[in-house]
Amino acid sequence: MKFIASHSYIIIQRKIEWNEQKYIETHHQLRLFEDRILSSANEFQLEHVYDVSFRTSFLYLHTNQGVFSYLIKEDPIEFIQAFKGLKQ
């Protein structure tokens, strides 16, 4: 399983402590390998990922299990091009 590319994404959790609302932002990596894509919570076999797209602040993985969205701050064009290069 050879590593190809990665792209960072953010998970924001809302937490209430002592009547105070806090937002906790954690940073993660979406990692593309020759045969799979890994996130912090999911693993997708490449043959089950139909497309990768993005719009404004979200990267979308279109899979046989549905569409998974990831909040991003940077342009994911290199990650998407690497994915499309593998799918050809």
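Just so we're clear, the structure is a prediction, and the values are computed from it rather than from any experiment.
With side-chain heavy atoms closer than 4.5 Å counting as contact, directly or through intermediates, Tyr50 stands alone and belongs to no larger hydrophobic cluster. Cluster partners of Trp18, using a side-chain heavy-atom cutoff of under 4.5 Å among ILVMFWY residues and allowing indirect links: none. Taking Ile, Leu, Val, Met, Phe, Trp and Tyr as hydrophobic and joining them when side-chain heavy atoms fall under 4.5 Å apart, one finds Leu71 in a cluster with Ile10, Ile12, Tyr23, Phe58, Tyr60, Val67.
Take Ser6 and apply the side chain to side chain contact (heavy atoms under 4.5 Å, CB included) test, not counting sequence neighbours, and it matches Phe3, Gln29, Arg31. Taking the side chain to side chain contact (heavy atoms under 4.5 Å, CB included) definition, one finds that Ile24 meets it with Lys15, Thr26, sequence neighbours left out. Residues passing the side-chain hydrogen bond (donor to acceptor under 3.5 Å, both in side chains) test with Asn19: none are found, sequence neighbours excluded. Under the salt bridge (charged side-chain N to carboxylate O under 4.0 Å, His left out) criterion, Lys87 pairs with no residue, sequence neighbours left out. Remark: Phe54 pairs with no residue by the ring-ring contact (aromatic ring centres under 6.0 Å, His included) rule, at least two apart or across chains. Not counting sequence neighbours, Lys2 has no partner by the salt bridge (charged side-chain N to carboxylate O under 4.0 Å, His left out) test.
Listed by first and then second residue, the salt bridge (charged side-chain N to carboxylate O under 4.0 Å, His left out) pairs that reach into residues 54-80 are Glu25-Lys73, sequence neighbours excluded. A salt bridge (charged side-chain N to carboxylate O under 4.0 Å, His left out) check over residues 62-72, counting only residues at least two apart or in different chains, returns nothing.
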Donor-acceptor pairs under 3.5 angstrom involving side-chain atoms of residues 32-41: please list them, not counting sequence neighbours.
residue : atom : partner : partner atom : Å
Arg36   : NH1  : Glu43   : OE2          : 2.2
Ser39   : OG   : Ala41   : N            : 3.3
Ser39   : OG   : Asn42   : N            : 2.9
Ser39   : OG   : Asn42   : O            : 3.3
Ser40   : OG   : Tyr9    : OH           : 2.9

